[in-house]
Participant: 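Dropping the structure in here first, questions after.
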2 protein chains.
Amino acid sequence: MVTMRDMRRYRVENCSIERTLAVLGEKWTFLVLREAFNGVRRFADLQTRTGAPRQVLSARLSRLVDEGLLRKVPYQEPGQRQRDEYRLTEKGLDLYPIMIALMHWGDRYLADPEGPPVVVTHRDCGAPVALHLICEEGHEVGGPREATSHPGPGARLTALA
Amino acid sequence: MVTMRDMRRYRVENCSIERTLAVLGEKWTFLVLREAFNGVRRFADLQTRTGAPRQVLSARLSRLVDEGLLRKVPYQEPGQRQRDEYRLTEKGLDLYPIMIALMHWGDRYLADPEGPPVVVTHRDCGAPVALHLICEEGHEVGGPREATSHPGPGARLTALA
DNA sequence: GCATCTAAGTCTAGTTGACAGACTCAGATC
DNA sequence: GATCTGAGTCTGTCAACTAGACTTAGATGC
């Protein structure tokens, strides 16, 4: 059984993290997604709230639509022409754990002394939520020291000298 | 009680996600951290495995040390001079849920048909691990539709028109 | 038809960061 | 001093970001 420490002799050519980063791996995209999770859908609102330059925002929205994380939905204000707003797809919604993880790390290490600026709660009972790493046997896994990485079924490895 | 949908009238000025992204929000930093979690510590290995240009890598390592996510630890190979390697601090290790979340989203939506290239398991029992969003009452929270965001104790909000 | 409106882009020149490749540095060793 | 080796640093080119200005496309009214 090759463990990841042994895997220092190999490089994973099809790393999922790297593929995710190819879609997400820069600030403006994350901020757009943050606002999408906030229910913000329109260009001008996204632009105001993220602070992204309009060209950057346009490019990111286009990319996120192409990648299937956002979809365009036509809307029309009275007296105006039809326009599109942007909504999260299921694929986009599944980014939620990433957003929560980013927020909670920031809450812990970078927030002001008064505490977190935003609290996420369970809608049904009102209790604050947290991410837990749990194995299929139901054990709580406390962190990387209690976890082990192995090549998976799709592993494509390149040997290093 | 102001909910996040009401909070579309406000912008959070001290957003934790945004602060996290100021440290992390680009590809090379994430890839360096990925390798740090893999136990890779030395400049040349980090450079080979991430593919980062050396100048980029040097700048990222320096930044991550300044931000307290990595620390330098001196080492010396026989016949060579003393050098530094880079290890994760506790603050850096706490990024683990982010890395797992990125990996699992990529596994689901971007991996090859054969399946994930890397499987993370619980060290003690060998079962695969997954992130779960759980509230303090112990309920499983399935996703954003079952969660609500509120201003927290540190909230600094700016009204929008 | 023309003018006006408004939100969603697109354009442009300057700035900043990434990039490839070459080069330098700093101790240990002979 | 010469050689070695790993960890950077340097440089000119290219790509992306940025601020600000401008354009576009339908609806509406005259």
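The structure displayed is predicted, hence computed values, not measured ones. Convention: sequence-line order gives letters A, B, ...; per-chain numbering from 1.
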Participant: Reading DNA chain D from 5' to 3', where do the contacts with chain A start and stop? Cut-off is 4.0 Å to heavy atoms.
Facilitator: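 Under 4.0 Å from chain A, the extent on DNA chain D is dC17(D) to dT28(D).
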
Participant: In whole Å, I'd like the distance from the CG atom of Asp84(A) to the P atom of dA8(C).
Facilitator: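 Going from Asp84(A) (CG) to dA8(C) (P), I get 9 Å.
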
Participant: Scan for ring-ring contact (aromatic ring centres under 6.0 Å, His included) pairs involving residues 64-85 of chain B, sequence neighbours excluded, and state none if there are none.
Facilitator: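 Listed once each, the pairs would be none.
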
Participant: Taking only side-chain N and O atoms of Ser58(A), does any of them lie within less than 4.0 angstrom of OP1 or OP2 on dA8(C)?
Facilitator: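 No, no such contact exists.
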
Participant: Starting at CG of Leu57(A) and ending at P of dT10(C), how long is that distance when rounded to a whole Å?
Facilitator: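 Between P of dT10(C) and CG of Leu57(A): 11 Å.
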
Participant: Who passes salt bridge (charged side-chain N to carboxylate O under 4.0 Å, His left out) against Asp124(B), sequence neighbours left out?
Facilitator: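 Salt bridge (charged side-chain N to carboxylate O under 4.0 Å, His left out) list for Asp124(B), sorted by chain: empty.
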
Participant: Rounded to the nearest Å, what distance is computed from the CG atom of residue Asp45(A) to the P atom of nucleotide dT6(C)?
Facilitator: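 Taking atom P of dT6(C) as the reference, CG of Asp45(A) is at 16 Å.
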
Participant: Run the side-chain hydrogen bond (donor to acceptor under 3.5 Å, both in side chains) test against Arg123(B) and tell me which residues pass, sequence neighbours left out.
Facilitator: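 Arg123(B): no side-chain hydrogen bond (donor to acceptor under 3.5 Å, both in side chains) contacts found.
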
Participant: Could you identify which residues of residues 66-83 of chain B place a heavy atom less than 4.0 Å from some atom of DNA chain D, listed by residue number, or say none?
Facilitator: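 Hits under 4.0 Å, by residue number: Tyr75(B), Gln80(B), Arg81(B), Arg83(B).
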
Participant: Kindly write out the residues that satisfy side chain to side chain contact (heavy atoms under 4.5 Å, CB included) with Glu35(B), not counting sequence neighbours, or none if the list is empty.
Facilitator: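 Scan of Glu35(B) (side chain to side chain contact (heavy atoms under 4.5 Å, CB included), adjacent residues dropped) gives Asn38(B), Val40(B), Leu46(B), Arg49(B), Thr50(B).
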
Participant: For the residue pair Asp107(B) and Pro117(B), what are the closest heavy atoms and their distance?
Facilitator: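 So the minimum-distance heavy-atom pair works out to OD1-CD, 3.8 Å.
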
Participant: Summarise how protein sits on nucleotides 13-22 of chain C as a single string, 5' to 3': B when a protein heavy atom is under 4.0 Å from the base, S for sugar-phosphate-only contact, - for no contact.
Facilitator: -----SBB-B

Participant: Just list the side-chain donor-acceptor pairs under 3.5 Å for residues 135-143 of chain B, sequence neighbours left out, or say none.
Facilitator:
| from | atom 1 | to | atom 2 | distance (Å) |
| --- | --- | --- | --- | --- |
| His139(B) | ND1 | His122(A) | ND1 | 3.3 |
| Glu140(B) | OE1 | His132(B) | ND1 | 3.4 |
| Glu140(B) | OE2 | His132(B) | ND1 | 2.6 |

Participant: Excluding sequence neighbours, so at least two apart, what forms side chain to side chain contact (heavy atoms under 4.5 Å, CB included) with Pro113(B)?
Facilitator: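 In terms of side chain to side chain contact (heavy atoms under 4.5 Å, CB included), with neighbours along the sequence ignored, Pro113(B) is linked to no residue.
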
Participant: Arg54(A): which residues meet the salt bridge (charged side-chain N to carboxylate O under 4.0 Å, His left out) condition with it, sequence neighbours left out?
Facilitator: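 For Arg54(A), no residue satisfies salt bridge (charged side-chain N to carboxylate O under 4.0 Å, His left out) once neighbours in sequence are set aside.
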
Participant: For Ser62(A), give me all partners under side chain to side chain contact (heavy atoms under 4.5 Å, CB included), at least two apart in sequence or on another chain.
Facilitator: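 Side chain to side chain contact (heavy atoms under 4.5 Å, CB included) list for Ser62(A), sorted by chain: empty.
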
Participant: For residues 94-102 of chain B, which side-chain N or O atoms pair as donor and acceptor with protein atoms under 3.5 Å away, sequence neighbours left out?
Facilitator:
| from | atom 1 | to | atom 2 | distance (Å) |
| --- | --- | --- | --- | --- |
| Asp94(B) | OD2 | Arg108(A) | NH1 | 3.0 |
| Asp94(B) | OD2 | Tyr109(A) | OH | 2.4 |

